[in-house]
Amino acid sequence: MAGLGGGAGFGRCSHAVVRALPESLCQQALRVEKGGAVDFARAEREHQLYVGVLKHKLGLQVLELPADESLPDCVFVEDAAVVCEETALLTRPGAPSRRKETEAMKIVLESLNLNVVEMTDENATLDGGDVLFTGREFFVGLSKRTNQRGAEILADTFKDYAVSTVPVHDSLHLKSFCSMAGPNLIAIGSSEGAQKALKTMQQMSDHRYDKLTVPDDAAANCLYLNIPNKGHVLLHRAPEEYPESAKVFEKLKDHMLIPIANIELQKVDGALTCCCILINKTSEL
């Protein structure tokens with residue numbers, strides 16, 4: 001089963017696509033709830049530290065797209081595409097104001113010689129933040145941003161993997177309260193909604209996953225990578241933000257743990273997985 005990515009290969013990546021923050025994010029980015037004002041300078045510093053970890057600490061080839069002031073949410077590149085192996089599905093984001101984000105994404109993914117599939121069905125919506133790939137299968141959150149037709153197109157695109165849908169009611173995305181923290185390990189928040197979604201995933205799957213339950217839903221969104229010579233790497237929310245959840249991550253003795261602050265982008269519903277697309281190029285460019 002290791003060949004399916006559920007084992008040694010899961011989390012391997014060579015490249016990351018990121019995007020700079022537009023100043024328009026502060027006033028115009030979409031929000032589920034009205035929160036505090038975004039400190040742009042601090043948001044930029046936090047993002048640069050995040051990108052720096054991917055580039056310098058982990059040695060990935062980082063492709064950084066420029067900010068687009070007409071697209072206030074464009075830093076959240078995860079929503080614009082789903083990449084698995086050599087195939088990239090350009091999504092059709094649920095928020096109309098975000099649809100043009102896929103244009104720059106298409107260019108950069110094509111430059112990596114990926115098989116790029118475009119979602120053109122006007123009845124479909126899909127945000128990458130609703131897509132959890134476990135290495136064995138996909139779970140797709142049906143949320144305000146992602147619908148059944150979007151999930152069907154994802155299933156058509158990645159035919160080698162089972163695709164199950166999970167209702168998401170009280171959060172923006174499926175990955176607002178869960179993510180993969182390692183091969184076979186789902187990090188999950190403690191809220192009723194998160195636990196209900198986990199139960200659905202367990203019922204849908206014929207595989208038993210381990211789970212890592214953290215007190216804070218937002219902290220359950222972490223970024224796992226499997227880096228040659230470094231092994232299991234996990235970017236997780238910093239202790240100053242979520243001290244109790246950080247203590248749970250610190251029990252993962254087999255992981256290189258990297259705390260990352262995400263204070264400013266959280267104000268506009270950003271999480272750690274939102275700000276990059278990880279790609280593993282096995283063939284030469």
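Position 1 is the first residue of the sequence; numbering continues from there. Computed from heavy atoms alone, side chains included, the values below leave out hydrogens, waters and symmetry copies.
- Proximity of a side-chain donor or acceptor of Glu86 to a complementary backbone N or O of Leu114 within less than 3.5 Å is not detected.
- A donor-acceptor pair under 3.5 Å links the side-chain atoms of His255 to the main chain of Ala181, judged by distance alone.
- For the residue pair Ser205 / Glu137, a side-chain donor-acceptor distance below 3.5 Å is found, with atom types taken as modelled.
- At most 12 heavy atoms of other shown residues, nucleotides or ligands fall within 6.0 angstrom of atom CG in Asp170.
- In summary, the side chains of Asn226 and His232 do not present any donor paired with an acceptor at a separation below 3.5 Å, with no hydrogens or angles considered.
- A donor and an acceptor atom, one from each side chain of Arg237 and Gln266, are located under 3.5 Å apart.
- For the pair Lys175 and Glu78, the salt-bridge criterion is met [side-chain N within less than 4.0 Å of a carboxylate O].
- Under the 3.5 Å distance criterion, with hydrogens and angles disregarded, no donor-acceptor pair is assigned to the side chains of Tyr224 and Ser179.
- Distance alone, capped at 3.5 Å, places no donor-acceptor pair between the Thr102 side chain and the Leu90 backbone.
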> Are Ile227 and Leu60 close enough, and set up right, to give a side-chain contact (heavy atoms from CB on, under 4.5 Å), and what steps lead you there?
Replying inline: CA-CA 9 Å; Ile227 305 290; Leu60 299 184; 3.9 Å; yes
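- The only member of Ile188, Leu212, Asp217 that meets side chain to side chain contact (heavy atoms under 4.5 Å, CB included) when paired with Cys178 is Ile188.
- In this structure a side-chain-to-backbone donor-acceptor pair under 3.5 Å is present from Arg98 to Phe76.
- Salt-bridge annotation for Lys247 and Glu244: present, with a side-chain N of the basic residue lying under 4.0 Å from a carboxylate O of the acidic one.
- No donor-acceptor distance shorter than 3.5 angstrom exists from the side chain of Asn262 to the backbone of Leu272, with no hydrogens or angles considered.
- Side chain of Gln148 to backbone of Leu142: no donor-acceptor contact under 3.5 angstrom is found.
- Using a 4.0 Å cut-off between charged nitrogen and carboxylate oxygen, Lys106 and Glu118 count as a salt-bridge pair.
- Looking only at distances, a side-chain donor or acceptor of Asp121 sits under 3.5 Å from a matching main-chain atom of Asn123.
- For the residue pair His207/Asn184, the side-chain donor-acceptor check at 3.5 Å is satisfied.
- Without hydrogens or angle criteria, Asn221 side chain to Thr273 main chain gives a donor-acceptor distance under 3.5 Å.
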> So Glu192 and Lys196, salt bridge (Lys or Arg N to Asp or Glu O under 4.0 Å) or not? Walk me through it.
Replying inline: CA-CA 6 Å; Glu192 189 180 342; Lys196 199 170 175 182; 5.9 Å; no
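- Without hydrogens or angle criteria, Asp130 side chain to Val140 main chain gives no donor-acceptor distance under 3.5 Å.
- Listed here is the closest heavy atom pair of Val268 and Arg31: CG1-NE, 3.6 Å.
- Within the 3.5 Å criterion, the main-chain N or O of Asp39 finds a donor-acceptor partner in the side chain of Glu264.
- Residue Glu240 qualifies as enclosed at atom CD: its count of foreign heavy atoms under 6.0 Å is above 12.
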>> Apply side-chain hydrogen bond (donor to acceptor under 3.5 Å, both in side chains) to residues Thr146 and Asp127 and explain how you reach the verdict.
In response: CA-CA 6 Å; Thr146 295; Asp127 275 17; 5.0 Å; no
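- Heavy atoms of other residues, nucleotides or ligands lying less than 6.0 angstrom from NZ of Lys230 number more than 12.
- The aromatic rings of Tyr161 and Phe133 sit perpendicular, their planes meeting at an angle over 60°, well past the 30° parallel limit.
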